[in-house]
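Residue numbering restarts at 1 for every chain, and letters A, B, ... go by the order of the sequence lines.
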Amino acid sequence: MNTLKFQSQSVATPYFVFALILFAGQILFGLIMGLQYVVGDFLADAIPFNVARMVHTNLLIIWLLFGFMGAAYFLVPEESETELYSPKLAIVLFWIFAVAGTLTILGYLLVPYSTLAHITGNEYFPTMGREFLEQPTITKIGIVIVCLGFLFNIGMTILRGRKTVINMVLITGLIGLAVFFLFSFYNPANIALDKLFWWFVVHLWVEGVWELIMGAILAFILIKITGVDREIIEKWLYVIIAMALISGLLGTGHHFFWLATPGYWQWIGSVFSAIEPLPFFAMVLYAFNMVNNRRREHPNKAATLWALGTAVMAFLGAGVWGFLHTLAPVNFYTHGTQITAAHGHMAFYGAYAMIVLTIISYAMPKLRGVGEASSNKAQVIEMWGFWLMTVAMVFITLFLTGAGILQVWLQRIPENGEALNFMATQDKLSIFYWAREAAGVVFLIGLITYLCNFLVDRKAVK
Amino acid sequence: MNVRKYDRKQIEQASIIALWSLLNLTFLPAVSFLVLLTKINKFTAESFAAYHLNFAIKLNLAAAAALILVSGLMLYLGGFNSGMTWVFVITYFISIHTAFILTAVWMLVRAWAGNKMGYKQV
């Protein structure tokens, strides 16, 4: 049964499917790396730790970008009440991005990183070698071209259709995403300066413009599943994005604490970072409130669960676990420890992986022609996937938090030469890493369960 | 979906109570609890506000016990000079504190809508 309002929305399908494939890859490499923490020789020759880590984090970024693009292609025509400006361009860009992304990941896995840098001509325009931005320069240029084409397509669709708050917030976030990525091409020789501008990409993405994208997608889903007036949801959205930008922009200061910057950054970073949990707190209040005051019972219960789960987990991961180590006097001891890893895992899963899974949950039954929602059986399996992955992520975060606290205790706090060195400390943390790996296996089981939900309604699709 | 059984004034009173409860768990601990205590005996026993006040006081007392007493007990038993004590105290404190905050947020939303605790209840 075709329930798509605009046929061009169907271009979102390959984006969502490819995003889920990359998500599965990310989890596999996470598990390999998690095991290498405790069994250092595991696959060490085939996939060294640094390569596994690079693939794990790069796959995360790429699948989230695919998810955001798919979300935009699904959401914008419906919000604008018009067909997508160019479905063909969307498909062409999909293939360019998918091929470039796959080749880049294969490059990481098949040749030494230095060889990859050489064969992609990094010496002519050096941008490689920095955490999360390891992509060869040519891939980065490809990302910029794909983003420009994508923004053109989405922008033209909005221009010729209805302009809603959701569309405007979404396109602002997407433009911000493209603009801040340009800092990845600036690679100063001074390492402190390099790190400073590196945060302009990393921080202003995840604690700035990505929050706008997340807010817009969540607002769209809440309107659809609750039937609450658009005006009410839009007012909340304004408040949330205002808080996100006010706190997030100067909150970048919490990355400048130890970068040879003036001392006032410790005050600016601490004060504005302390405000950063507020937009996530508001999102919980808003999502709970909208679902509680819903005017319809949407048949897609799984999408409702994902939407509420996103708000709660984003508050936990980005808000609470971010605040945990963001004040300068605390961060003096905790920066770069497993506490950061704990925050990173739950924040990325809660805020961004879950919002993409939310829109996939809402959109996929429509895109596959199943109807407004998947069958009850498929939804039950999907909700099992939700709970397994989410509970596993809570435990991954708790174990990493425990590891981080002990790491600070052993490695950072002792004075007069009593502190353990990094590797000796890591040995003491192995129980936490084993527990984290076990939770990671549960996460993988959850992911497989989640993916199985797509098999249930195959007959309805045919 | 929700049919409001209570008038605007009752909902407003309950909402203010739920907000003080949330404030006690977040920005204004202790002072907010004192404000809640001053509201005892101001409402009839069967009123909507009394229900939320009763819930708020119990929730905050439970939070105090779970956060202060249990954490204190952990510190007493584990000692200040053990890294593992801090592992348990900090992870426990954050997790439980967040759970209480989320409960208070839920109660605020329910009060705004003229509802009691249960999700299905109208």
Is the number of heavy atoms from other residues, nucleotides or ligands under 6.0 Å of A:Glu415 CD greater than 12?
no
What pairs meet the salt bridge (Lys or Arg N to Asp or Glu O under 4.0 Å) rule with one or both residues in residues 397-406 of chain A, with sequence neighbours excluded?
none
Out of curiosity, A:Phe281 CZ to B:Leu102 CG, how far, rounded to the nearest 0.5 Å?
8.5 Å
Enclosure of A:Lys428 NZ (heavy-atom neighbours >12, cutoff 6.0 Å)
no
Counting only heavy atoms not in B:Leu37, do more than 12 sit closer than 6.0 Å to its CG atom?
yes
Could you grab the distance from atom CG of A:Asn293 to atom CG of B:Asn115, nearest 0.5 Å is fine?
7.5 Å
Atom pair CZ (A:Phe399) and OG1 (B:Thr91), whose distance is rounded to the nearest 0.5 Å
10.0 Å
To the nearest 0.5 Å, atom CG of A:Leu398 lies from atom CD1 of B:Ile94 at 8.5 Å
Using the six-membered ring wherever Trp is involved, compare the ring planes of B:Trp112 and A:Trp236 and label them parallel, tilted or perpendicular (cut-offs 30° and 60°).
tilted
Examine whether an atom of A:Leu316 lies under 4.5 Å from a heavy atom of chain B, and if so say whether it belongs to the side chain, the backbone or both; otherwise answer neither.
side chain
When you look at CD of B:Glu12, are more than 12 heavy atoms from neighbouring residues, nucleotides or ligands closer to it than 6.0 Å?
no
Leading residue by heavy atom contact count with chain B [cutoff under 4.5 Å; candidates A:Thr226, A:Val320, A:Leu285, A:Val408]
A:Leu285
The reported gap from CH2 in A:Trp321 to OG1 in B:Thr98 (rounded to nearest 0.5 angstrom) is 5.5 Å
Just wondering, are more than 12 heavy atoms of other shown residues or ligands nearer than 6.0 Å to CG in A:Asn421?
yes
Measure B:Tyr92 against the heavy atoms of chain A and call it side chain, backbone, both or neither at under 4.5 Å.
neither
For B:Ser82, which atoms come within 4.5 Å of any heavy atom of chain A: side chain, backbone, both, or neither?
backbone
Contacting moiety of A:Val394, where chain B heavy atoms sit under 4.5 Å
neither
Does any backbone or side-chain atom of A:Ile413 lie under 4.5 Å from a heavy atom of chain B? Answer side chain, backbone, both or neither.
neither
Taking the side chain as every heavy atom from C-beta outward, state whether B:Trp106 and A:Asn292 have any pair of such atoms under 4.5 Å apart.
yes
Kindly compute the distance separating CG (A:Leu406) from CZ (B:Phe88), expressed to the nearest 0.5 Å.
10.0 Å
If you count the non-hydrogen atoms of other residues, nucleotides and ligands that lie under 6.0 Å from CG in A:Asn376, is the total more than 12?
no
B:Phe80 and A:Trp409 have their tightest heavy-atom pair at O-CH2, 3.5 Å
